[in-house]
Amino acid sequence: MTTVDPKLRTVRTACPYCGVGCGVLATPDGGGGAAISGDPSHPANLGRLCSKGSALGETLGLESRLLYPMIRCKGGMQRVAWSDALDHVATRLKHIVARDGEDAVAFYLSGQMLTEDYYVANKLMKGFLGSANVDTNSRLCMASSVAGHRRAFGADTVPGTYEDLDHADLLVFVGSNAAWCHPVLYQRMLANKQARGAKFVVIDPRRTDTSSEADLFLGLKPGTDAALFSGLLVHLADHGALDRDYINSHTSGFDETLARARSLAGSAGATALATGLSEADVTAFFKLFRDTPKVVTLYSQGVNQSAQGTDKVNAILNCHLASARIGKPGMGPFSLTGQPNAMGGREVGGLANQLAAHMGFTPPDVDRVRRFWKAPDIATHEGLKVVAMFEAIARGEIKALWVIGTNPAVSLPDADLVRAALKKLELLVVSENVRSNDTVDAGVHVLLPAQAWGEKSGTVTNSERRISRQRAFLAPAGEARPDWWIVSEVAKRLGFGSAFTYNSAADVFREHAALSAFENDGSRDFDIGALATLTDDEYDAMAPVQWPARAGKPPEPRFFADGAFFTNDRKARFVAPEVPALRSETNAARPLRLNTGRIRDQWHTMTRTGLSPRLSAHLPEPFVEVHLDDALRYGLMHDGFARVTTDHGQCILKVVVSERQQRGMLFAPIHWNATNSSHGRVGALVASYTDPFSGQPEAKATPAAISPYEYVFRGFILSRTELTLPSHLWWVRATVQGGFGYLFADNGDLSRWPAWLRARATDDVADYMDVGGGVYRAASFAGDRIETCLFVGPGHDAGDWNVVKTMFAADRLDDDQRRVLLSGRAPDGVGGGPIVCACFGVGRDTICDAIAAGARTPAAIGLALKAGTNCGSCIPEMKRLIAQTAADTPPIAAAS
Amino acid sequence: MAAAKLAEELSQTALGRYAIAVIGEEPRLAYNRVLLSSVLAGEAASHEIELKPATWWRERGVTLKYGARVTAIDVGRRELQIENDENVAFSRLVLATGSLPLRLPVPGADLPGVHTFRDSRDTDVLLALAAKKGRVVVVGGGLLGLEAAYGLARAGARVTLLHLMDRLMERQLDAPAAALLKSLVARKGIEVLLNASTAAIHGDGRVEEVELADGRRLATDAVIFAAGIRPNVALAKEAGLAVNRGIVVDDVMQTSAPGIFALGECAEHRGTCYGLVEPAYEQARVLARHLAGRKAAYQGSVVSTNLKVSGVSVFSAGDFMGAEGSEAMVLNDARRGTYKKLVIADGRLTGAVLIGETQDALWYRDMIRNREPIASIRTAMMFGRAGARPQAA
């Protein structure tokens, strides 16, 4: 099965994180690890990697991996042979379909699956089980972009390419924190800004790190994006900036749409009123857009994760269509995807409202795919999108669910309900890399070990439609198998063997490519027919390639410069957005709105990034960001705790008071879950209101309340092994160098800790107890190495976790280090503060020291410390530190 | 030692005002008694522990009469009688007669082979004993006994230490500190028996066996009594000075007789006799100022112990046991041989015990004396002066 080169040569592969789709060079070390670097020849990144990609080598360990199939048996999970697990899944599925019909079965897939895996799963469900109840976590990510594209273009087409970002003169970021979520692409745009003077406009309710380089920051009210872009459309119309020829020749619906735009935001003043922006800022943006031909508008979750996400997308597309800023170098709308293969999933039809190969559920499309697949029982209508799917599970209508490569008990809105729904299933099958996550822990019946990144082989498609190979460079862990193989084996056992006779990922890919070209002739955007006849060797050697790749046709890097949309009349549609409004209302009990999103160094539910000590060092605790005024109003202390409550659930999070946050808005990151935190599962807070077209939930505006939460004690534990902490603790787990770190807060009695520690410690214990001061600190040793380290203290003084972590990482402590260990203070030269630069592991204190020593630019800091010289995504934070230091200590005149 | 300190202080504060004579029974220059165990342990030579060389005394015009035993004080005539010598007249007299070792009143306590450990002559005897690699029982688990045991063990003897109480140095250490000290002493090859009450010493013309109250018998070649001291007050008593346990002095160290002073271990100030060097030195400073005609008053000392016991650094000061209403902070690292306890009452440091790590001892002692509030450095202070700078916000 394995394609690992026995001579351990460097393998070209692709990064498994965001949708930028960077090329990665992986050189296995022969011991299960690998050296990772950026692939200089990959067009997406040209050798660069972000902090997450750079740390991939730290995420290859097998400690948390699922290594063999398991079945629930008498309440517990037991190891079984592959054939037994597959037989079991097939028998149970067959039984449930026979009894309750095909719609009682559903698949929930992932944007991290490879295209081949995705294709086979979709084919089994829609083609042969005959239900379209297949959805994917991409629903949470860019379904609104898909729906918006399809409404405007007649197809889910990203018209432009990354090169446009190099050539644009204005880059408009809408609801996108690209600096943290698409760092390599953001750095590429920064390079354009620095070299060519491109301007940045950032439109976001939050002042994110992306806004730090903005020439104009528009901190609009949440949910008002469509008003802003309607205002822009009006402005373009009223200032003679429309491309009438393009509108007339290639579009329809303009007049109605303009009329609607006038009613929503008929002037800069009206736009300002609707969005909460100043009229001057609005006018500045309009003018900038109007006067700059080469504009790329980039949009991401701030646009998509909305109950009006599709309208927002169309409001943006309207402006680009009306000014013909589309399909030409340096201009166009650009959806940034969040997952490595969100685009591949869209290509195979992983979403419940797509069929396959960018075909939908129109009768001709259904018929075409039926014939191609030789699938007489193919599904003929759309299936349930994920929120509706889980509602159906909760109602007991769906009885069997197969989850592949995703963690809905964490990531879906209203996640407590999701978890409860999972427990109702008659059959929950999970194909996973890890033994345990919130979904697995919600009552899985069958666990199937899937190959992880580094082991699996196939293709992914990035945000610019570029297909790259993910190649294996490690042997599969335990009995892990490719997802396409697992699904095919179940399909065979269900009696569909003749349609699932694949011997390799290449087999699957060729079929997928053939379907894309099947009766296409330019009628569908997605066509990679040129790749349908690749030999196995050619497939293995395939260089990154952009679609369309039509057989016998020259490449077309961009779409729509000359119209030719994929609607019946080949004309684009202007779509008039509804009146912008958030789905839910705030009220006295829920006076705030909760926004959610990613942080720089973590990805999704942390099953992979959480394994890296470096990535876990930047922001180790789940937190909620709040404006200073709201902190004062609700009695919150920076670095204290707060309970955030919505109608759906509650969390207890660390408080970060930040002027980057709008008044009335909270922000909490999405990454923490029940396996690594006690109270940080933010998905449980989020409302599940969905967009009527895309089915994407409004994850960024849930009405919420916040109140301070007091803990008497705070502390941390460092341990070589995973620990079960005492109950009733607030805790979060983070990977640290050499083991596991736990940060906790406690209202229990201090006296519980010495006994707790002694029960888990060696005989060689050093400890420090100050009952009156509320302090207990202890370390147990094996030889000269720390085994376990426990620091408990009052809320304001738990000891310096960063210092102790450094000592914990060491293989041995000398006598002097042991002497100072329990002081929680750094012996000289150790420490450095919380990590700012994850790539080189440079801490805040170290950076502040460099600033104090005269380094007053990121470049100067980089020269001194290397910080910020790899992916650069810490540069905004360094700039803030420089600004703070400058404010604290005015530089000497001669120095500046 | 107290006399030498006084001479030093006087030479600084009142040089030439008095003609000073120092009269001592021991036939040698004043030496650092605390270091006798180091001599015993072979860590220092006998002459190396002299406090000041002969030239130092000479330069300050001090007359030294050593090997001279004062037999009586004639308070009325203001004269001292000296054995086999002429009387010496004085205008001011300072008694620094120190203390005497206690011998337990048990049968056999006067057998040959039963010694004390108090002065330079005792040391010579013990050195000879240790050189024979004999078995030695040391009676007394206080400072003196531990020092003797350590010195003897280092010098080659096989040492068993008997202590009446359930922990070593109970007047200076709390139970955990004493337990740690016991284990550290044991690491140096000394057997320690606690709750060991000496009932009798047996031997035919010479020490052969020690019998304990519980009936245990220990074969031995020698017994060292190091079970306490008493102030040496005989002269004062005979002279009719007020004497309780020690010679009673006031805040300028004056006894009941004008112009006659006492200091050091023989003196009793406000009901307390100190058995340590530091109070003696403080008293010497006060007395020197007084004799120089300046205002001075001794207020009593915060007792602290700060020394190496059996090669282990030990410090204790103030209310180290922790009185009612106080709280304690405790650091324990048995493998490093470290135990630190700081006692806090009313937001102030009131006592401390340190074993193994005593570099911040004087800092703690000063904090105890100065009664400074410690809230801002509460956690940091355990880890030493260096870390206890006020933290930046």
Side-chain angles (χ1 to χ4, degrees), chain A residues 638-639 715 750 754 757-758 761-787 791-794 796-800 803-804 813-828 831 833 845 848-849 852 884 888-889, chain B residues 174 176-177 179-180 183 313 319 322-360 363-364 373-393:
Chain A
H638 181 72
D639 200 40
L750 187 67
L757 181 89
R758 296 268 167 182
T762 61
D763 288 340
D764 181 8
V765 172
D767 67 358
Y768 165 64
M769 172 66 107
D770 172 11
V771 175
V775 179
Y776 181 67
R777 298 173 179 180
S780 95
F781 295 82
D784 293 326
R785 190 174 86 144
I786 303 173
E787 281 299 293
F791 274 57
V792 194
H796 59 87
D797 181 21
D800 188 337
V803 169
V804 182
L813 294 191
D814 62 28
D815 186 69
D816 204 44
Q817 289 169 322
R818 177 162 171 158
R819 184 175 63 77
V820 300
L821 171 65
L822 295 184
S823 75
R825 285 172 170 274
D828 288 343
D845 297 350
C848 287
D849 288 349
Q884 278 167 18
D888 291 349
T889 53
Chain B
D174 66 347
L180 177 60
S183 74
S313 298
D319 173 30
E324 186 88 5
S326 67
E327 18 174 355
M329 313 195 293
V330 180
L331 176 81
N332 241 313
D333 188 346
R335 198 180 114 198
R336 290 193 70 248
T338 304
Y339 171 82
K340 299 166 91 171
K341 177 165 100 173
L342 301 179
V343 178
I344 292 172
D346 301 328
R348 292 172 165 80
L349 188 64
T350 55
V353 190
L354 311 176
I355 304 279
E357 217 176 83
T358 55
Q359 63 266 48
D360 294 303
W363 182 55
Y364 295 138
I374 50 85
S376 64
I377 56 167
R378 177 162 180 149
T379 299
M381 66 188 290
M382 176 60 86
F383 302 95
R385 181 170 215 159
R389 293 184 301 262
Q391 291 194 27

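Within every chain, numbering begins at 1; the chains are lettered A, B, ... in the order of the sequence lines, protein sequences first and strands thereafter. Side-chain atoms are counted along with the backbone in the values below, which use heavy atoms only and exclude waters and symmetry mates.
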TODO: Mind listing the closest non-hydrogen atom pair of A:Tyr768 and B:Arg378 along with its distance?
DONE: OH-O, 4.1 Å

TODO: Begin from the C-alpha positions of A:Asp770 and B:Met382 and carry the test side-chain contact (heavy atoms from CB on, under 4.5 Å) through to its verdict.
DONE: CA-CA 10 Å; A:Asp770 172 11; B:Met382 176 60 86; over 6 Å; no

Open item on the list: As a test of understanding, state which of A:Leu822, A:Val820, A:Leu821 forms a side-chain contact (heavy atoms from CB on, under 4.5 Å) with B:Phe383.
Closed with: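 Exactly one option meets the side-chain contact (heavy atoms from CB on, under 4.5 Å) with B:Phe383, and it is A:Leu822.
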
- [ ] Using side chain to side chain contact (heavy atoms under 4.5 Å, CB included) as the criterion, list what pairs up with B:Arg336, not counting sequence neighbours.
- [x] A:Asp815, A:Arg818, A:Arg819, B:Asp333, B:Thr338, B:Glu357

Task: Set of residues satisfying side chain to side chain contact (heavy atoms under 4.5 Å, CB included) with respect to B:Asp360, sequence neighbours excluded - done: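 B:Trp363, B:Tyr364, B:Arg385.
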
Open item on the list: Between the side chains of A:Asp763 and B:Arg335, is the shortest nitrogen-to-carboxylate-oxygen separation below 4.0 Å, so that they form an ion pair?
Closed with: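 Salt bridge between B:Arg335 and A:Asp763, a charged N being under 4.0 Å from a carboxylate O: no.
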
Task: Engaged part of A:Asp767 at the chain B interface, taking heavy atoms whose separation is under 4.5 Å - done: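 Answer is both: backbone and side chain atoms of A:Asp767 are under 4.5 Å from chain B.
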
TODO: Count the heavy atoms of every other residue, nucleotide or ligand shown that sit under 6.0 Å from CG of A:Asp814, and state whether that count exceeds 12.
DONE: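 Yes, the 6.0 Å shell around CG holds more than 12 heavy atoms from other groups.
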
